[in-house]
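Right, one structure below, let's go through it.
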Amino acid sequence: MSSTTKLLNINLLFILTIISGLFVMIYYLFQVGGLSQDIYLVEDYKIKLATLLENNKSLDINFSKMSSLSNIENYLANRDFVKPTQSQVKYIQILEGSVVTK
């Protein structure tokens, strides 16, 4: 091999090494960005879960305080529930002897 061919091969190897190194660095940056986004989402979901658990505890306490039907009626009256009209209620008639299977 001549020295020109060896120099050309070394230059080609050098260029390919630089290109592959740049590709690996860019790929690494995208992976780190995705990982940090996932970590942020997990922390955000942990905060939301803690809030929901706290709300669940308060709802459990409120539920245990209601011991009679009159308390339930007062509770529902204060919660902005709307009583359905007769036209909004739909009934399903089930035939005798019919069996429902999955």
Side-chain angles (χ1 to χ4, degrees):
M1 284 190 166
S2 68
S3 64
T4 310
T5 308
K6 285 182 182 180
L7 187 60
L8 185 63
N9 287 340
I10 290 173
N11 285 339
L12 182 64
L13 180 64
F14 182 70
I15 291 171
L16 287 175
T17 304
I18 289 175
I19 290 173
S20 63
L22 287 174
F23 175 75
V24 168
M25 285 176 41
I26 292 170
Y27 181 75
Y28 174 76
L29 289 175
F30 279 113
Q31 291 298 319
V32 168
L35 180 64
S36 62
Q37 182 181 10
D38 290 344
I39 290 172
Y40 173 76
L41 288 174
V42 166
E43 292 299 322
D44 190 41
Y45 289 148
K46 282 182 184 178
I47 292 170
K48 288 179 182 179
L49 179 63
T51 304
L52 288 173
L53 288 174
E54 188 65 34
N55 288 343
N56 190 24
K57 285 180 185 177
S58 67
L59 287 174
D60 284 341
I61 291 170
N62 286 341
F63 182 72
S64 65
K65 287 180 182 178
M66 291 186 269
S67 61
S68 69
L69 289 177
S70 63
N71 288 339
I72 292 175
E73 187 174 319
N74 290 334
Y75 176 79
L76 293 177
N78 293 332
R79 293 292 175 196
D80 296 332
F81 285 110
V82 177
K83 193 170 190 174
T85 62
Q86 189 66 25
S87 64
Q88 293 173 329
V89 177
K90 299 191 191 272
Y91 296 97
I92 299 173
Q93 183 177 4
I94 299 176
L95 300 174
E96 288 186 30
S98 60
V99 178
V100 177
T101 61
K102 189 174 184 181

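Here, residue 1 is the first one in the sequence, and each next residue gets the next number.
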Donor-acceptor pairs under 3.5 Å, side chain of residues 50-58 to any protein atom, not counting sequence neighbours: which ones?
| residue | atom | partner | partner atom | Å |
| --- | --- | --- | --- | --- |
| Thr51 | OG1 | Ile47 | O | 3.0 |
| Ser58 | OG | Asn55 | O | 2.8 |

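Other members of the hydrophobic cluster containing Leu12, listed by chain and number, are Leu16; membership follows side-chain contacts under 4.5 Å among ILVMFWY residues, whether direct or relayed. The hydrophobic cluster containing Ile26 also includes Phe30, under a criterion of side-chain heavy atoms closer than 4.5 Å among ILVMFWY residues, counted directly or through chains of members. Through direct or indirect side-chain contacts shorter than 4.5 Å among Ile, Leu, Val, Met, Phe, Trp and Tyr, Ile10 is connected to no other residue.
Partners of Leu22 by side chain to side chain contact (heavy atoms under 4.5 Å, CB included), not counting sequence neighbours, listed by chain and number: Ile18. The salt bridge (charged side-chain N to carboxylate O under 4.0 Å, His left out) test applied to Asp44 returns Lys48, not counting sequence neighbours. Applying the side chain to side chain contact (heavy atoms under 4.5 Å, CB included) test to Val89 and every residue at least two apart in sequence or in another chain returns Pro84, Tyr91. Residues passing the salt bridge (charged side-chain N to carboxylate O under 4.0 Å, His left out) test with Lys46 are Glu43, sequence neighbours excluded.
Between atom CZ of residue Phe23 and atom OH of residue Tyr28 there is a gap of 15.5 Å, rounded to the nearest 0.5 Å.
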